[in-house]
Amino acid sequence: MSNQAMARIEKRAAEALERLKKGRVLETELLSVESGTKPPKKEVRASNGLSSDQVVTRASSEVYKNEQLGLFDAIPISQRETIPTLLTRIPVFMPISKAKQKQLLNDDNALPFETPFGKGKRYGANLGVFDEDVLYALARLSNKKLIGPHENMPIQVSRVYKANEKGSVNVDTVVCTVTDILDRLGLSKGGKMRKDIVDSLERLTSTTLILTLNKEDRYLGKCELGKPIKLVDIEWQLYSSDGIIYAQFSPIVTYWLESEFTYYDWDTRKKLKNRLAKALHRYLSSQPKDFYKLNKLEDIAASIGQHGRKCDLRSTFERALDELQEVGFLIDYNIEGTGKATPFRLYATRN
């Protein structure tokens with residue numbers, strides 16, 4: 001190839017990268033952990049009469065247009081019925097109030113935790129089980145995997161995540177509406193619920209984790225150890241009646257979803273009301289059907305983020321386990337021990 005031809009290719013690549021940097025699709029400021037600021041909520045006329053599907057199609061073509069420039073490859077992904085196994089075993093999404101979570105923060109406003117599976121810190125907004133629902137709704141709505149260099153993605157990917165031998169990283173992505181998320185969750189379309197979804201998206205995109213795990217090669221081999229890990233990057237544009245969401249899962253969460261996952265019964269999850277029942281459903285889904293190993297209630301509580309008085313531990317768990325049995329997730333369960341001379345232990349069998 002001649003030097004002149006090479007110069008033309010390099011010029012086109014440079015121009016494409018410049019357009020990528022300037023042309024942020026959803027015209028909002030990405031909420032960063034450092035700034036703690038909220039992106040502006042721009043009110044415009046709702047989609048010029050287009051249907052929700054048409055609005056999503058138009059937004060998708062904008063988000064993924066750089067595929068045509070060769071900046072990344074986009075391949076379809078089928079709907080998943082899975083969640084990352086690691087996130088079932090560490091207390092990122094806690095079944096306690098945000099007020100109680102605030103009491104657990106350290107001097108850096110981080111939430112430290114230690115479980116039988118490892119320890120770490122969660123930075124950013126305090127997250128509950130509703131935020132977990134929203135995150136997994138986004139995962140279920142994801143329909144494209146992007147493969148390319150860090151800087152070529154619609155939202156640039158941190159170098160914390162290691163590239164493969166071709167210099168590429170993989171990210172699962174979705175373009176959807178607020179209504180799509182509400183539909184996945186089986187929730188009403190009222191204004192309060194729409195606001196709750198957007199507030200949750202803000203919390204999720206602010207979240208980073210620092211992890212030290214017992215099986216680091218298995219779970220953290222795709223990123224630099226000791227560095228912050230994001231769950232998901234989110235940009236959005238709100239309209240008077242709906243909003244367009246672009247969510248891009250980090251390469252490590254994308255890896256977990258395709259290689260280190262747990263099958264998850266979403267219909268059962270939607271039936272549960274008790275926050276602890278939801279957390280236990282997540283945790284027990286990643287355990288053997290006949291559950292008896294590592295079954296101290298205190299260890300389980302640490303793994304899912306249940307904090308309360310030790311004297312209330314058994315009764316609190318029993319209420320949640322009763323609900324899991326009522327919806328058919330558990331066949332039976334038993335809690336043995338006194339909580340004093342012998343620790344409480346959970347024995348459970350699930351369908």
Side-chain angles (χ1 to χ4, degrees), residues 25-31 38-64 77-83 93 95 97-98 125-144 154 172-207 231-249 264-275 277-279 281-282 323 327:
V25 176
L26 304 177
E27 302 175 356
T28 67
E29 180 182 343
L30 178 63
L31 179 63
K38 295 182 179 180
K41 297 177 173 59
K42 183 179 179 182
E43 292 292 335
V44 299
R45 292 184 63 187
S47 64
N48 295 322
L50 297 176
S51 70
S52 178
D53 287 345
Q54 288 171 323
V55 171
V56 169
T57 299
R58 177 176 292 183
S60 296
S61 67
E62 286 296 306
V63 170
Y64 302 126
I77 54 177
S78 57
Q79 178 175 292
R80 292 196 173 104
E81 303 294 331
T82 60
I83 58 177
F93 304 100
S97 69
K98 291 180 176 60
N126 293 318
L127 302 177
V129 291
F130 178 74
D131 302 303
E132 182 184 18
D133 284 340
V134 173
L135 181 73
Y136 294 145
L138 289 173
R140 287 168 61 82
L141 287 164
S142 297
N143 56 10
K144 282 198 175 184
D172 284 357
T173 65
V174 59
V175 178
C176 65
T177 65
V178 174
T179 297
D180 290 332
I181 298 173
L182 289 168
D183 285 340
R184 283 291 164 169
L185 298 177
L187 299 175
S188 70
K189 311 301 190 299
K192 181 184 182 304
M193 289 310 309
R194 292 180 183 279
K195 182 180 184 303
D196 288 346
I197 294 296
V198 174
D199 289 346
S200 178
L201 294 172
E202 292 179 4
R203 290 191 292 270
L204 287 167
T205 200
S206 80
T207 303
L231 295 176
V232 64
D233 284 303
I234 302 171
E235 293 181 346
W236 61 89
Q237 182 173 1
L238 299 186
Y239 297 90
S240 57
S241 61
D242 210 342
I244 294 294
I245 311 300
Y246 172 67
Q248 179 177 295
F249 287 89
Y264 199 61
D265 187 340
W266 186 257
D267 290 333
T268 295
R269 168 79 175 208
K270 289 194 292 186
K271 295 176 185 176
L272 299 170
K273 306 300 181 185
N274 182 292
R275 289 183 296 191
K278 289 187 175 186
H281 174 246
R282 169 227 306 161
E323 185 172 354
V327 300

Evaluate side-chain contact (heavy atoms from CB on, under 4.5 Å) for Ser188 paired with Leu182, printing each intermediate quantity in order. CA-CA 7 Å; Ser188 70; Leu182 289 168; over 6 Å; no

Please list, chain by chain and in numerical order, all residues satisfying side-chain contact (heavy atoms from CB on, under 4.5 Å) with Asp133, sequence neighbours excluded. Leu185, Arg269, Lys278

Ion pair present between Arg282 and Glu132, side-chain N to carboxylate O less than 4.0 angstrom? yes

Does any part of the side chain of Tyr246, heavy atoms only, come nearer than 4.5 Å to the side chain of Asp233, both counted from C-beta? no

So, applying side chain to side chain donor-acceptor pair (under 3.5 Å) with Asp172, which one of Lys144, Gln248, Arg80 is it? Arg80

Report the distance from atom SG of Cys176 to atom CG of Leu138, rounding to the nearest 0.5 Å. 5.5 Å

Is the backbone N or O of Ala125 less than 3.5 Å from a side-chain atom of Ser206, with the two atoms forming a donor-acceptor pair by type? yes

Any Leu141 side-chain heavy atom under 4.5 Å of Gln79 side chain: no

Partners passing salt bridge (Lys or Arg N to Asp or Glu O under 4.0 Å) against Asp131 (at least two apart in sequence or in another chain): Arg203

Please list, chain by chain and in numerical order, all residues satisfying ring pair (Phe, Tyr, Trp, His ring centres under 6.0 Å) with Tyr264, sequence neighbours excluded. His281

List for me each residue that meets salt bridge (Lys or Arg N to Asp or Glu O under 4.0 Å) alongside Lys189, sequence neighbours excluded, and say none if there are none. Asp183

Report the residues that fulfil salt bridge (Lys or Arg N to Asp or Glu O under 4.0 Å) with Lys192, sequence neighbours left out, ordered by chain and then residue number. Asp196

Write down the atom of Val56, the atom of Val175, and the distance for their closest heavy-atom approach. CG1-O, 3.5 Å

Step by step, would you call Glu81 with Arg140 a salt bridge (Lys or Arg N to Asp or Glu O under 4.0 Å)? CA-CA 7 Å; Glu81 303 294 331; Arg140 287 168 61 82; 2.7 Å; yes

Smallest separation among heavy atoms of Leu204 and Ile234, with atom names: CB-CD1, 4.3 Å

Do Phe130 and Leu187 have side chains that get closer than 4.5 Å, going by heavy atoms? yes

Closest non-hydrogen atom pair between Ile245 and Leu201, with its separation: CD1-CD1, 3.5 Å

Within the structure provided, determine whether Thr173 and Pro154 are in side-chain contact (heavy-atom separation under 4.5 Å). no

Do the side chains of Val178 and Trp236 get nearer than 4.5 Å, heavy atoms only? no

List in chain and number order the residues that pass side chain to side chain donor-acceptor pair (under 3.5 Å) with Lys195, two or more places apart in sequence or in another chain; answer none if no residue qualifies. Asp199

By salt bridge (Lys or Arg N to Asp or Glu O under 4.0 Å), which residues pair with Lys270, not counting sequence neighbours? none

Exercise: identify the closest heavy-atom pair between Ala137 and Arg184: CB-CB, 4.0 Å

Are the side chains of Ser142 and Ile77 in contact, using a 4.5 Å heavy-atom criterion? yes

Under the side-chain contact (heavy atoms from CB on, under 4.5 Å) test, residues paired with Asn143 that sit two or more places apart: Tyr64

Counterpart residues, side-chain contact (heavy atoms from CB on, under 4.5 Å), relative to Arg275 (two or more places apart): Pro95, Ser97, Val129

